Engineer: 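Attaching a single structure in structure tokens format; questions to follow.
Atoms within each ligand, like the ligands themselves, are counted from 1 in listed order. Everything quoted here is computed from the prediction, not taken from an experiment.
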Amino acid sequence: MKNNVNTEISNIFERIANILEFKGENIFRVVAYRKAARSIRELTSPLSKIMEEERLTEIAGVGKDLATYIEEYIEKGKIVLYEQLKQEVSEELINLSNIRGLGPKTLRKLYNAYNIGNLQDLKELIKDKEELPEVGLRKKSLENLRQGIELYEQGLKRFLLGVALPIAENLCEKVRKLPTVSQVELAGSSRRRKETVGDLDILCVAENGTRVIDAFTRFDEVKIILAKGSTKGSVILENNLQVDLRVIEKKSYGAALQYFTGSKAHNVHLRRIAKQREIKINEYGVFRGEKRIGGEDEKDIYQALDMAWIPPVLREDRGEIEKATEKKLPKLVSVSDIKGDLHVHSKWSDGVLSIEEVVQEAIRRKYEYIAITDHSPSSRIANGLSIERLYDMLEEIDKLRQKFKGKINILSGSEVDIKNDGSLDYPDDVLKDLDIVLVAVHTGFKQDESKITGRIVDALSNRYVHILVHPTGRMMGVREPYKVNMERMFETAKKHNKCLEINAQIMRLDLKDIYVREAIRRGIKLSIATDTHHPGNFDYMKFGIYTAQKGWAETKDIINTYPLPKLMMLLKKACG
Ligand code: DGT
Ligand code: CA
Ligand code: CA
């Protein structure tokens with residue numbers, strides 16, 4: 001599995017960081033490993049190739065030492081330092097530091113005081129406890145830890161779409177190449193582009209099912225074979241993701257695809273309607289009485305019920321069946337409608353690309369405009385820009401505008417922290433010099449509803465602000481959204497003509513689909529943006545699009561589908 005070396009090394013560096021921190025070693029060393037882990041995870045080419053080109057140390061965060069470890073891993077399949085560290089601190093134990101509310105430091109205290117070794121020990125230890133003052137866990141932090149464990153366990157069970165989909169698409173390609181296979185498609189939640197998926201469901205048509213399933217269970221990435229036969233194979237991959245492959249008869253392919261795409265709620269509703277019309281729908285076909293009236297093509301199913309074909313992203317039984325009956329389904333926004341990215345970081349703060357590199361990437365994607373939106377001073381870990389550095393950056397942007405004139409429009413911007421008192425991190429007379437002002441909450445995630453909502457309302461009431469980014473602050477599998485009152489967020493955005501963002505980072509997808517739909521219902525405009533820090537992040541745009549589609553968004557709802565003059569008009573309206 002050579003193509004997974006990047007992930008493997010990135011995970012090892014992350015674990016080394018955690019172990020070093022657990023051991024109480026120099027924090028700069030810890031941070032260095034974390035930084036390298038992150039850059040490696042985001043790389044778009046294999047480390048082995050970068051190594052051959054002797055460019056390892058060009059990766060952000062990778063110095064001489066770490067480059068040596070990477071070489072060691074690629075050449076020998078292991079890193080001696082890591083093997084030694086594992087002897088000291090077991091993987092099972094150190095993995096617990098991924099639980100929110102339990103950093104490596106607290107973990108060390110728990111280990112020293114109670115000798116816990118794994119998740120089970122930890123759960124038993126805190127089971128009937130109100131607090132554990134010996135290790136500094138008071139009532140509140142123990143509650144947080146309980147929540148963290150719950151999220152962690154959920155996270156172990158479900159995968160982010162952004163992680164699962166590329167794997168799914170790759171598997172489909174591999175199945176397609178097997179002998180006698182004529183059709184392959186993804187079904188289930190990944191075809192519906194749900195934000196997380198429990199397992200992957202793949203369907204195919206093949207003459208020799210047994211052979212296809214057998215070959216499937218021998219794919220490199222398979223760890224455990226759960227079942228294999230002539231029509232179905234079930235496996236668990238190295239990363240613990242389960243995949244079911246089904247071989248379907250050609251004449252039933254459409255019916256099976258419809259059935260296994262789900263959602264279950266959508267299917268139940270559809271079947272209820274069919275029954276009223278004395279039509280039977282199952283995974284084998286569409287029947288009137290004993291007579292088969294369709295099933296080879298997915299469209300047959302919807303046609304038999306006089307409905308328009310429903311895009312899989314909408315199949316959640318949230319009104320799409322009614323709309324399909326009226327032939328009034330939304331005309332969903334798509335990736336090709338996007339004219340620019342309005343949330344991108346450069347080297348000036350915590351991105352790894354120079355502004356020029358960002359601009360070139362945007363040109364390559366045929367964008368009409370691109371916004372540079374680095375962090376404001378309060379985001380110190382993110383190397384936020386002082387006012388002075390901000391103006392230096394504006395100068396550089398001016399120069400690049402000359403250089404790339406006629407090729408792309410560069411918007412100057414900032415992702416401005418909403419401070420604890422609700423004020424913004426730059427004064428108004430600085431904000432007014434920017435083309436686009438994003439605002440974001442980066443601190444005080446645990447504040448009560450009125451406090452955090454108040455900050456957001458204040459920020460959205462500032463006349464120089466355009467977009468509230470990652471509006472609810474959630475990070476799937478890591479932390480819940482802060483307790484913002486959504487009603488008031490929407491009201492305030494609407495009142496001042498502010499936009500909300502659909503952040504396309506695969507852990508965020510924030511706003512999420514149901515909020516996207518609610519925002520649109522209220523006439524609020526949205527931006528879909530990647531929050532790019534690394535070159536590969538530009539590709540996250542499609543996950544933002546899926547979220548938008550699942551929220552029934554059309555092009556008119558998304559500001560970065562508009563040509564520049566119309567976009568600028570909308571932004572101006574926000575400063576009304
Ligand atoms: P997941 O895997 O939890 O992310 O969600 P799905 O939707 O992929 O669910 P999964 O893998 O259990 O089943 C795939 C599809 O098969 C599901 O979306 C609809 C269909 N299906 C499964 N079980 C049932 C059922 O009991 N009744 C009906 N009507 N459909 C089902
Ligand atoms: Ca599934
Ligand atoms: Ca399944």
Engineer: So which N/O/S atom does Asp199 have closest to the Ca ion (ligand 2)?
Structural biologist: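 Considering only N, O and S atoms, Asp199 comes nearest to the Ca ion (ligand 2) through OD1.
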Engineer: For Val268 and ligand 1, does the shortest N/O to N/O distance drop below 3.5 Å?
Structural biologist: no
Engineer: Is Lys129 atom NZ crowded by more than 12 heavy atoms from other residues, nucleotides or ligands, each under 6.0 Å away?
Structural biologist: yes
Engineer: Within ligand 1, which atoms have a heavy atom of Arg271 less than 4.0 Å away?
Structural biologist: 29 (N)
Engineer: Pick whichever of Phe159, Tyr259, Phe260 has a heavy atom sitting closest to atom 24 (C) of ligand 1.
Structural biologist: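 Residue with the shortest heavy-atom distance to the ligand atom: Tyr259.
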Engineer: Would Lys174 count as a cation-pi partner of Phe219, with NZ or CZ less than 6.0 Å from the six-membered ring centre and within 45° of the ring normal?
Structural biologist: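 The answer is yes; both the distance and angle limits are met.
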Engineer: Give the atoms of ligand 1, by number and element, whose distance to some non-hydrogen atom of Arg192 is under 4.0 Å.
Structural biologist: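 Under 4.0 Å from Arg192, ligand 1 has these atoms: 7 (O), 18 (O).
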Engineer: Would you mind listing which atoms of ligand 1 come within a distance below 4.0 Å of any non-hydrogen atom of Val197?
Structural biologist: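 In order of number, 4 (O).
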Engineer: Is the side chain of Asp244 donor-acceptor paired with the backbone N or O of Gly233 at a distance under 3.5 Å, no angle test?
Structural biologist: no
Engineer: Do ligand 1 and Arg158 have nitrogen or oxygen atoms that lie under 3.5 Å from each other?
Structural biologist: yes
Engineer: Just to verify, which of Met541, His343, Lys339 counts as forming a side chain to side chain contact (heavy atoms under 4.5 Å, CB included) with Asn560?
Structural biologist: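 The side chain to side chain contact (heavy atoms under 4.5 Å, CB included) with Asn560 is passed solely by Met541 among Met541, His343, Lys339.
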Engineer: For ligand 1, note which part of Asp201 has a heavy atom under 4.0 Å away: side chain, backbone, both or neither.
Structural biologist: side chain
Engineer: Do other residues, nucleotides or ligands put more than 12 heavy atoms under 6.0 Å from Arg292 CZ?
Structural biologist: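 Count over threshold, so yes.
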Engineer: Within the 4.0 Å heavy-atom shell around Gly188, which atoms of ligand 1 are there?
Structural biologist: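 It comes down to these atoms of ligand 1: 8 (O).
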Engineer: Only N/O/S atoms count here: what is the atom of Asp201 closest to the Ca ion (ligand 2) called?
Structural biologist: OD2
Engineer: What about Asp199: any of its N or O atoms under 3.5 Å from an N or O on ligand 1?
Structural biologist: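 It does: an N or O of Asp199 is found under 3.5 Å from an N or O of ligand 1.
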Engineer: Check the pair His533 / Asp350 against side chain to side chain contact (heavy atoms under 4.5 Å, CB included), numbers first and verdict last.
Structural biologist: CA-CA 7 Å; His533 287 78; Asp350 61 347; 3.1 Å; yes
Engineer: Answer side chain, backbone, both or neither: which part of Asp244 comes under 4.0 Å from ligand 1, heavy atoms only.
Structural biologist: neither
Engineer: For the residue pair Tyr302 and His266, does the interplanar ring angle fall in the parallel (under 30°), tilted (30 to 60°) or perpendicular (over 60°) class?
Structural biologist: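 It falls in the tilted class, 30° to 60°.
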Engineer: Under 4.0 Å from a heavy atom of Thr261: which atoms of ligand 1 are those, numbered in the order shown and with their elements?
Structural biologist: 18 (O)
Engineer: Mind checking whether Lys194 has a heavy atom under 4.0 Å from ligand 1?
Structural biologist: no
Engineer: Tell me if a side-chain donor or acceptor on Arg508 pairs with a main-chain N or O of Met476 at a distance below 3.5 Å.
Structural biologist: no
Engineer: Give a yes or no answer on whether the side chain of Tyr482 reaches the backbone of Pro471 with a donor-acceptor pair at less than 3.5 Å.
Structural biologist: yes
